[in-house]
Amino acid sequence: MRVFVTGASGWIGSAAVDELLAASHEVVGLARSDASAASLDAKGVEVRRGDLDDLESIRVGAAGADAVLHLANKHDFDNPAVSNKAERDAVQAIGDVLAGSGRPFLLASGVASPKQGQMLTENDKSPFHGPEAPRGGSENLALEYVDRGVNTVSVRFAPTVHGDGDHGFIAALVGIARDKGVAAFVGDGTNRWPAIHRSDAARVICLGLEKAPAGTLLHAISEEGVSTREIAEAIGRGLNVPVTSVAPEDTLEHFGWIGRFFALDAPASSALTQELLGWAPTGPTLIQDLDAGSYFHA
Ligand SMILES: NC(=O)c1ccc[n+]([C@@H]2O[C@H](COP(=O)([O-])OP(=O)(O)OC[C@H]3O[C@@H](n4cnc5c(N)ncnc54)[C@H](OP(=O)(O)O)[C@@H]3O)[C@@H](O)[C@H]2O)c1
C-alpha cells in the first residue's frame with residue numbers, strides 16, 4: 001500500500017514508518033520542517049511538505065494514498081484546546097477526502113475509561129464527543145466516517161509508549177523528579193498506567209492498517225496497568241533520589257499539567273487486539289526500560 005503518514009517524524013511515527021517500509025509498503029510522510037523532511041528522505045520516504053495548520057497539504061496527501069496513518073499532534077499540553085482543534089480539523093479533512101473510498105484511515109487515540117479503575121477494553125466506546133472534548137472528540141468523529149465508506153481504525157496507545165529516546169510522559173516525569181530531587185507518586189500509588197514498548201506500538205499500527213476492519217478499536221498496550229508507585233520507584237532508583245507520596249490535592253502543584261494524567265487509574269487490556277491481529281508484545285516492559293538507564297542520561 002501507499003501510506004500517507006502524518007507525524008511520520010515523531011516518536012511513534014518514525015518507528016511506524018520503519019515497520020511499514022520493512023513490510024514493503026510505500027510511505028509518503030508529512031514534514032513541517034527541513035529537519036523532519038531530511039530524516040524522512042534519508043529513509044527513502046517520499047516527503048510531502050505541510051502542516052496541521054495547512055489542511056490542504058493533508059487533503060492532497062490523503063487523496064494520493066491507499067491508506068492514511070494520522071499521528072501528528074501539536075501536543076500543546078498547556079493549552080490543550082489548540083491541539084484538540086488541530087486534531088479534530090485534521091481528522092475531518094482526512095475523513096472527507098477518504099469518504100466513499102473504503103480505504104484504511106488509522107488514527108492515534110488514547111485510553112480513557114469512563115470509570116476510574118475499570119479495565120478498558122476494545123469494546124468500550126470513547127465517552128468523548130465534540131470539539132470541546134479531550135483530543136477534540138476525534139476518535140468518535142473518525143468513526144462516524146465508517147458509515148460514509150471509510151475504513152476507520154482507532155489505535156488507542158498506552159499513556160506511555162516507552163523506549164530509548166522517548167520524550168513523552170515518562171521523560172517528563174523523570175524531568176520533574178530531577179528538578180524536585182524526589183520521585184513522587186499520588187496518594188498510595190496504586191493507580192495504574194498501561195504501557196507499551198515503541199517497537200510493539202509500531203507493529204500494532206502496521207498490522208492494524210493491513211488487517212483491521214472498518215470501525216475497529218485497537219489497544220496498543222502490552223502491560224495492562226503498571227502501578228504509578230512502581231514507576232516512581234524505578235525513577236527514584238535511576239536518579240538516586242528518594243521516593244515519596246504526594247497528596248491528591250497537591251498533584252497539580254507538584255507535577256504541573258502531567259499530574260492530571262499521572263493521578264489516573266486507567267488499566268486497559270489488549271486481549272481483543274492481540275487476537276484480531278495475531279500479535280503478541282515482545283518488547284521490554286516499562287520497568288525494564290527504566291532500569292536499563294536511557295531515561296537518566298543527562
Ligand atoms: N507517545 C505516547 O506515549 C503516546 C501515548 C498516547 C497517545 N499518543 C498519540 O500518538 C500520536 C503520536 O505521538 P508521538 O509520541 O509520536 O508524538 P511526537 O513524538 O510528539 O510527534 C508528533 C509528530 O507530529 C508532528 N507535528 C507536530 N506539530 C505539527 C504541526 N503543526 N503540523 C504537522 N505536524 C506536526 C511532529 O513533527 P516534527 O517532527 O516536525 O516536530 C511529529 O512528527 C499523537 O497523536 C499522540 O497524542 C502518544
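In listed order, ligands and their atoms are each counted from 1. Predicted model, so just to flag it, every value in this text is computed and none were measured.
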From Val182, Leu290, Val243, Ile176, residue fulfilling side-chain contact (heavy atoms from CB on, under 4.5 Å) relative to Ile235: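 The passing option is Leu290.
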For [X], is the [atom1] atom crowded, meaning more than 12 foreign heavy atoms sit under 6.0 Å from it?
{"X": "Lys125", "atom1": "NZ", "answer": "no"}
{"X": "Glu253", "atom1": "CD", "answer": "no"}
{"X": "Glu210", "atom1": "CD", "answer": "yes"}

Tyr145 side-chain N/O to Asn151 backbone N/O, donor-acceptor pair under 3.5 Å: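 Looks like no, no N/O pair under 3.5 Å.
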Polar side chain donor-acceptor pair, Asn191 to Thr228, under 3.5 angstrom: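 Present: a donor and an acceptor within the cut-off.
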Pair Ser199, His197: side-chain N/O donor-acceptor within cut-off below 3.5 Å: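 Ser199 vs His197: donor-acceptor pair found between side chains.
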Where is the nearest protein heavy atom to [atom]: which residue, which atom, and how far?
{"atom": "atom 31 (N) of ligand 1", "answer": "Asp51 OD1, 3.2 Å"}
{"atom": "atom 8 (N) of ligand 1", "answer": "Phe157 CD1, 4.0 Å"}
{"atom": "atom 41 (O) of ligand 1", "answer": "Arg32 NH2, 2.7 Å"}
{"atom": "atom 32 (N) of ligand 1", "answer": "Leu52 N, 2.8 Å"}
{"atom": "atom 21 (O) of ligand 1", "answer": "Gly10 CA, 3.3 Å"}
{"atom": "atom 2 (C) of ligand 1", "answer": "Val161 CG2, 3.6 Å"}
{"atom": "atom 16 (O) of ligand 1", "answer": "Ile12 N, 2.8 Å"}

Nearest heavy-atom neighbours spanning Leu209 and Ala67: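 So the two residues come closest at CD2-CB, 4.0 Å.
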Pairs involving residues 257-266, ordered by first then second residue, that meet side-chain hydrogen bond (donor to acceptor under 3.5 Å, both in side chains) (sequence neighbours left out):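 Only Arg192-Asp265 qualify under side-chain hydrogen bond (donor to acceptor under 3.5 Å, both in side chains).
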Numbering the atoms of ligand 1 from 1, which are under 4.0 Å from a heavy atom of [X]?
{"X": "His75", "value": "13 (O), 17 (O), 20 (O), 44 (C), 46 (C), 47 (O)"}
{"X": "Leu71", "value": "11 (C), 12 (C), 44 (C), 45 (O)"}
{"X": "Thr160", "value": "3 (O)"}
{"X": "Gly7", "value": "23 (C), 24 (O), 43 (O)"}
{"X": "Ser9", "value": "37 (O), 38 (P), 39 (O), 40 (O), 42 (C), 43 (O)"}
{"X": "Ser36", "value": "38 (P), 39 (O), 40 (O)"}
{"X": "His167", "value": "18 (P), 19 (O), 20 (O)"}
{"X": "Ser109", "value": "7 (C)"}

Ring geometry between Phe261 and Phe77 (parallel below 30°, tilted from 30 to 60°, perpendicular above 60°):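 Answer is perpendicular, since the angle exceeds 60°.
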Aromatic ring pairing Phe105/His70, orientation class (parallel under 30°, perpendicular over 60°, tilted between):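 Geometry flag for His70 against Phe105: tilted rings.
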Among Leu40, Ile196, Asn73, closest by any non-hydrogen atom to atom 22 (C) of ligand 1: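 That would be Asn73.
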From Ala90, Ala195, Ala72, Gly29 - option closest to atom 34 (N) of ligand 1 by heavy atom: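 Nearest option to atom 34 (N) of ligand 1, by heavy atoms: Ala72.
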When you measure from the heavy atoms of [X] to every atom of ligand 1, does any distance fall below 4.0 Å?
{"X": "Pro159", "answer": "yes"}
{"X": "Arg135", "answer": "yes"}
{"X": "Ala158", "answer": "yes"}

Polar contact flag for Gly50 and ligand 1 (N/O pairs, less than 3.5 Å):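 Between Gly50 and ligand 1 (N or O atoms, distance only) the closest approach is not under 3.5 Å.
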Any N or O of Trp11 closer than 3.5 Å to N or O of ligand 1: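 Checking ligand 1 against Trp11, an N or O pair does fall under 3.5 Å apart.
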SB check Asp164 Arg198 (cutoff 4.0 Å):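 The answer is no: the pair does not qualify as a salt bridge.
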Electrostatic pair Glu233:Arg229 at N-O distance under 4.0 angstrom: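 Answer for the salt bridge query: yes.
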Test side chain to side chain contact (heavy atoms under 4.5 Å, CB included) applied to Ala247 - qualifying residues, sequence neighbours left out: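 By the side chain to side chain contact (heavy atoms under 4.5 Å, CB included) rule, Ala247 matches Glu249, Asp250.
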Residue portion contacting ligand 1 (non-hydrogen atoms closer than 4.0 Å) for Ala31: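 Looking at Ala31 and ligand 1, no heavy atom falls under 4.0 Å.
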For ligand 1, the portion of Asp53 having any non-hydrogen atom under 4.0 Å away: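 Asp53 to ligand 1: no contact under 4.0 Å from either part.
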